[in-house]
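Numbers restart at 1 for each chain; the letters A, B, ... are given by sequence-line order, proteins then strands. Below, all heavy atoms of this structure are taken into account, side chains as well, without hydrogens, waters or symmetry copies.
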Protein chains: 2
Amino acid sequence: MNSPKRTTIYDVAQEAGVAASTVSRALRNPRRVNAATREHVLRVAERLGYRPSPLATALQSGRTATVAMLVPDITNPHFFGTIRGAERRASAAGITFILSYTEESADNERNQIEHLARSVDGFILASSRMSDDGLLELAEEHNLALVNREVRGLPSAVVDSRVGSRQIVEHLASLGHRSLVYLSGPHQSWPAGERWRGLRGSARSLGIRATRLGPFPPRVVGGGAAADAVLVTGATAVVAHNDLLAIGVLRRLAERGVSVPEQISVVGYDDIFGADFCVPALTTLAGPQDEAGRSAVELLLENRSRSTTRTTDRRVMLPSHLVIRDSTGPAPA
Amino acid sequence: MNSPKRTTIYDVAQEAGVAASTVSRALRNPRRVNAATREHVLRVAERLGYRPSPLATALQSGRTATVAMLVPDITNPHFFGTIRGAERRASAAGITFILSYTEESADNERNQIEHLARSVDGFILASSRMSDDGLLELAEEHNLALVNREVRGLPSAVVDSRVGSRQIVEHLASLGHRSLVYLSGPHQSWPAGERWRGLRGSARSLGIRATRLGPFPPRVVGGGAAADAVLVTGATAVVAHNDLLAIGVLRRLAERGVSVPEQISVVGYDDIFGADFCVPALTTLAGPQDEAGRSAVELLLENRSRSTTRTTDRRVMLPSHLVIRDSTGPAPA
DNA sequence: CACGCCATGGCAAGCGATTGCCAAAAGTTG
DNA sequence: CAACTTTTGGCAATCGCTTGCCATGGCGTG
């Protein structure tokens, strides 16, 4: 495995006949060294196959060129877009990307942060389960960027679901539905609140009755109970907290012989993998999740350069759009 | 963000009235220090909220307590399980988990490794795109563990697809099929070769005709061309390189009005998310991908302790099993 | 020609741990 | 009680790199 000795800055220095500091500067701070010297040093470094040690650099400079992303649950395909976007952006900037799961627990989240604190330049918290106050407190000590969560004073990148929810309601209204049921996700989930507020507000202004059921676990299995609960209400349209739940609902409805969209329309959020090939194909609110991941990395990078002064709380809001497929249709007469 | 000064081992030492080395030993090497002293030091450390700096530790000791996992393509849900398994195992062992994508390129893979080499204790290469020789060469310098790839002399964790392929063929044979078509994946894909060998071997011994088409991109979109190609052959059973491809095939067949499984049976590999709710639900070879990820981390850990001597090439083989759903049925008369 | 400035490179002090070696203290043994 | 072993804690070097500060020499200017 490890070769006994990696070549260091000193090896290069000796071989090039200069001091180690000169090598360091040739590499990091080109203008501090004569062009010819620099050229020479670089050539020698190349020849010796020199690779800087990120650890030593980080230890000395305090910059790790690493970010960590914390995700509540890797089982949920919803996060894969965000992860992908963040990873891409980070690696494009030559930044190492650490991924970690918090198992849906705020405590765990805090521990992970504490654990990684010294090894990274900042954290991307996707759908954080912590309280606003908890986050603000953490932000005093650490560089944070939020995804799909807004907290006053903290930088965040969120896919809009307020306006998106309005699109859903309008879509349903235009199909003649007069009422809808929202199947809510976990209470700590910030988007869940946003979505409900969006739905309720739009429903009110369009003269539609909106009711909320739940919370349900935002997974396919959660759909069973959810579907049954919906049927009791006699609603003609149901909006699920996310696609997983929606797919679970579709399944249960099929089992119970309820036809979608003839008897009831179903809408989800996220447009995850599979939403287009479940049956019927799911109408869902799609958002640029990968953009959100990307933006979050950028927010982190902005704050990193901003010396040790106050951090920005720039908030990036990304537009969503409704993808209409086969799970929504005219309200039954 | 960063508080100006983190508390260090020296702060603790001063406060506790001992030398820094004693603090270090109290923390890492309990038996080297008097129980009472240790107790005292720990108490002070706790009070001061001391957190060790992983960077400094790593720099000095050479152990980073970090592993990196390289995956060709995050878009592919196939890897979700492996990633999850590896992440879980790593974090259970208190090891930081770095995730990186190689964009399906061997060069990129090598670069990433080179880049991260000094920051990690080892690499998990999932479905590596590199050649056997390339991997062996890399293994001289780095601590590697392979997932779903076998190379003589290197540690690996693979989900069996040889025996699994036999299960598929037997299943099809028992349904009366006399021939099958295999839609192959990318040529650099090691499992693709395994699967084909498994299918062909079993087919031969069961008196079934097996032919191979492709390669096709192992994604849903690849299924279009693949399905068309299959129809030309008039085969009654098709085995796709993976579920994504299989799902693409199902779609295309539906478009062309070919009914599954009445006219043709379809089988996939991986049992990814969605395989159970596409229509018809997909018969597929399921394997414990997360186990594979888990095992890979363990292999890495084993080799890490093994000082600098020769690495093990322990190979973990995980059993797969056939999940029979609705996409396979009796051969048409 | 003398003086001062700037570009350039070297010295050395960290960054925060770990660890080999040594010395003092404590415990053992005859 | 002397001689010896073991336990325990401290000193200082080290990991590989960055960076503030200083010394030098070349060059421009009056």
Side-chain angles (χ1 to χ4, degrees), chain A residues 2-42 44-45 48-66 116-121 307-308, chain B residues 2-42 44-45 48-66 116-121 307-308:
Chain A
N2 305 333
S3 53
K5 279 264 182 288
R6 285 299 221 139
T7 85
T8 77
I9 199 179
Y10 288 101
D11 302 329
V12 176
Q14 178 157 35
E15 180 74 12
V18 298
S21 47
T22 303
V23 176
S24 173
R25 284 196 272 256
L27 265 30
R28 306 279 178 205
N29 201 348
R31 332 168 19 139
R32 244 332 237 99
V33 74
N34 183 296
T37 320
R38 171 172 147 76
E39 193 58 32
H40 175 220
V41 168
L42 291 187
V44 172
L48 265 48
Y50 167 76
R51 304 276 163 188
S53 156
L55 271 58
T57 305
L59 179 57
Q60 155 62 31
S61 69
R63 290 198 194 147
T64 59
T66 301
L116 290 171
R118 321 267 301 233
S119 323
V120 305
D121 288 344
S307 67
T308 324
Chain B
N2 305 332
S3 52
K5 279 265 182 286
R6 284 299 222 139
T7 85
T8 77
I9 200 178
Y10 290 99
D11 302 330
V12 176
Q14 178 158 36
E15 179 73 12
V18 298
S21 47
T22 304
V23 176
S24 173
R25 286 195 271 256
L27 264 32
R28 304 280 177 204
N29 201 348
R31 330 166 24 138
R32 242 335 235 99
V33 74
N34 184 297
T37 321
R38 170 172 148 76
E39 193 58 32
H40 175 220
V41 169
L42 291 187
V44 172
L48 266 47
Y50 167 76
R51 303 276 163 188
S53 156
L55 272 57
T57 305
L59 179 58
Q60 154 62 29
S61 69
R63 291 200 193 146
T64 59
T66 302
L116 290 170
R118 320 265 302 232
S119 324
V120 305
D121 288 344
S307 66
T308 324

Whole-Å distance separating the [atom1] atom of [X] from the [atom2] atom of [N]:
X       : N      : atom1 : atom2 : result
A:Gln14 : D:dG16 : CD    : C1'   : 15 Å
B:Arg31 : D:dT6  : CZ    : C1'   : 14 Å
A:Asn34 : C:dC6  : CG    : C1'   : 13 Å
A:Arg38 : C:dT8  : CZ    : P     : 13 Å

Single hit among A:Asn34, A:Val41, A:Leu42 for side chain to side chain contact (heavy atoms under 4.5 Å, CB included) with A:Arg38: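 Passing option: A:Leu42.
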Atom pair [atom1]/[atom2] of [X] and [Y] - distance to nearest 0.5 Å:
X       : Y        : atom1 : atom2 : answer
A:Gln60 : A:Ser53  : CD    : OG    : 12.0 Å
B:Ile9  : B:Leu48  : CD1   : CG    : 12.5 Å
A:Arg51 : B:Arg118 : CZ    : CZ    : 10.0 Å

Looking at five pairs on each end of the helix from C:dC1-D:dG30 to C:dG30-D:dC1, what is the angle between the two axes, given to 10 degrees?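 Terminal axis comparison yields 40°.
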Among C:dG10, C:dG16, D:dG9, which nucleotide sits nearest the side chain of A:Ala19?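 Nucleotide nearest to A:Ala19's side chain: C:dG10.
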Is the shortest side-chain heavy-atom distance between A:Val23 and A:Tyr50 below 4.5 Å?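 The answer is no; the side chains never approach within 4.5 Å.
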Side-chain heavy atoms of A:Ser119 within contact of B:Leu55, under 4.5 Å: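 They are in side-chain contact.
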Minimum-distance pair of heavy atoms, taken over all atoms of A:Asp11 and A:Thr7: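 Shortest heavy-atom separation between A:Asp11 and A:Thr7 comes out as OD2-CA, 3.1 Å.
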Taking side chain to side chain donor-acceptor pair (under 3.5 Å) as the definition, give me every residue that meets it alongside B:Glu15, ordered by chain and number, with sequence neighbours left out.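 With sequence neighbours excluded, B:Glu15 shows a side chain to side chain donor-acceptor pair (under 3.5 Å) to B:Arg47, given in chain and number order.
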In 5'-to-3' order, the base (B), backbone-only (S) or no-contact (-) status of each nucleotide in nucleotides 17-23 of chain D, using a 4.0 angstrom heavy-atom cut-off, is BBBBB--
